[in-house]
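Chain identifiers are assigned alphabetically (A, B, ...) following the order of the sequence lines, protein sequences preceding nucleic acid strands; residue numbering begins at 1 within each chain.
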Amino acid sequence: MKKYGLLLLISLCLGVLGYAHGDLVHVLGTVVEVKNHSVSVKTADGSIKVVAFDGETRFLKGTSPATAKDLTVGARVVIHAHQNGDKFHAAEIKIGAASGAQHV
Amino acid sequence: MSRELKIGLSALFLAVAGFLVIRFFGGYPGARGNPSRAEVVLARTLRSWAIPRSARDAHNPYKSSPELLQESARHFADHCASCHGNDGSGATAMGRNFFPRVPDMRADATQRLSDGELYYTIHNGLRWSGMPAWGDPDNDTDSWKLVLFIRHLPRLTGDEVGDMERFNPRSIAEQQEEKEEEEFLNGPPVPADPPTHSETSK
């Protein structure tokens with residue numbers, strides 16, 4: 001029983017969650033850097049995931065449409081992304097209603 | 001012909017058919033790969049022949065309007081998008097693995113069908129394709145409204161897709177997943193400097 005509890009705890013601590021949501025993986029974390037076509041996200045396990053985005057990527061803040069300019073350092077994001085090896089490409093980026101500390 | 005002879009001939013036919021499949025396909029072909037060009041042409045021709053002329057020439061009793069498009073988009077999201085995708089591309093886990101593959105309905109092969117052909121296909125389904133028959137046999141207004149939406153697919157906007165996503169069927173696990181994501185997103189902002197604070201320490 002203890003073993004299963006530990007496994008559950010480890011699962012909850014994982015930053016990148018490969019939910020069975022079509023072919024998309026879900027990246028949850030906080031934005032640490034935004035570049036022209038990518039966002040770096042610090043996940044719960046402390047690792048940094050770099051996720052690319054482009055004109056096809058859909059941005060949402062709450063239930064409203066958003067843009068890449070709404071990505072701010074410190075903001076919480078949930079990204080649904082295609083994974084190819086260790087590369088991620090965002091299909092959708094949901095930005096937390098509470099914005100981060102600084103614009104990039 | 002005696003019953004025993006019929007059974008024997010049927011068994012012989014199946015054995016020969018099985019041998020031919022294994023001989024020419026190297027085993028049971030399953031649902032991987034794509035149909036050959038000949039299969040596509042044959043299937044489309046047979047489908048065309050199977051639709052009565054009166055049905056093919058039938059006109060949609062509904063005219064497109066923002067209200068009807070929204071209604072039919074939500075209906076599509078609930079009933080059709082699991083295979084066809086909200087955008088009609090067929091790029092879904094189901095759509096990519098059917099045999100034949102679920103078509104991109106924004107493309108010419110679907111868009112050049114008449115309204116009547118589209119309605120007939122939705123209403124009666126397509127044998128050997130995975131496409132079920134939808135709607136009440138006697139009164140199927142929803143399928144005609146779906147025809148309006150299929151015509152709209154090439155011009156579907158991102159906002160419309162966003163609205164549809166709220167109506168996609170979700171398992172209990174997916175609902176739980178969404179709830180967890182919402183809770184995470186609604187947490188307090190994390191100080192940007194230094195960026196070492198973990199967001200899950202709530």
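Ring geometry, B:H79 versus B:W134: the interplanar angle exceeds 60°, so the pair is classed perpendicular (tilted spans 30 to 60°). Ring orientation note: the planes of B:H84 and B:F76 are tilted relative to one another, at an angle of 30° to 60°.
Applying the 6.0 Å contact sphere to CD of A:E56 captures no more than 12 heavy atoms from other residues, nucleotides or ligands. Counting non-hydrogen atoms of neighbouring residues, nucleotides and ligands closer than 6.0 angstrom, the CG atom of B:L46 exceeds 12 such neighbours.
Looking at A:E92, only its side chain comes within 4.5 Å of chain B, counting heavy atoms on both sides.
Sorted by first and then second residue, the side-chain hydrogen bond (donor to acceptor under 3.5 Å, both in side chains) pairs with a member in residues 39-64 of chain B read B:S36-B:E39; sequence neighbours excluded.
Residues of residues 152-171 of chain B lying under 4.5 angstrom from chain A, judged on non-hydrogen atoms, are B:G158, B:D159, B:G162, B:E165 by number.
With 3.5 Å as the limit, one finds no donor-acceptor pair spanning the side chains of A:Q83 and A:H89.
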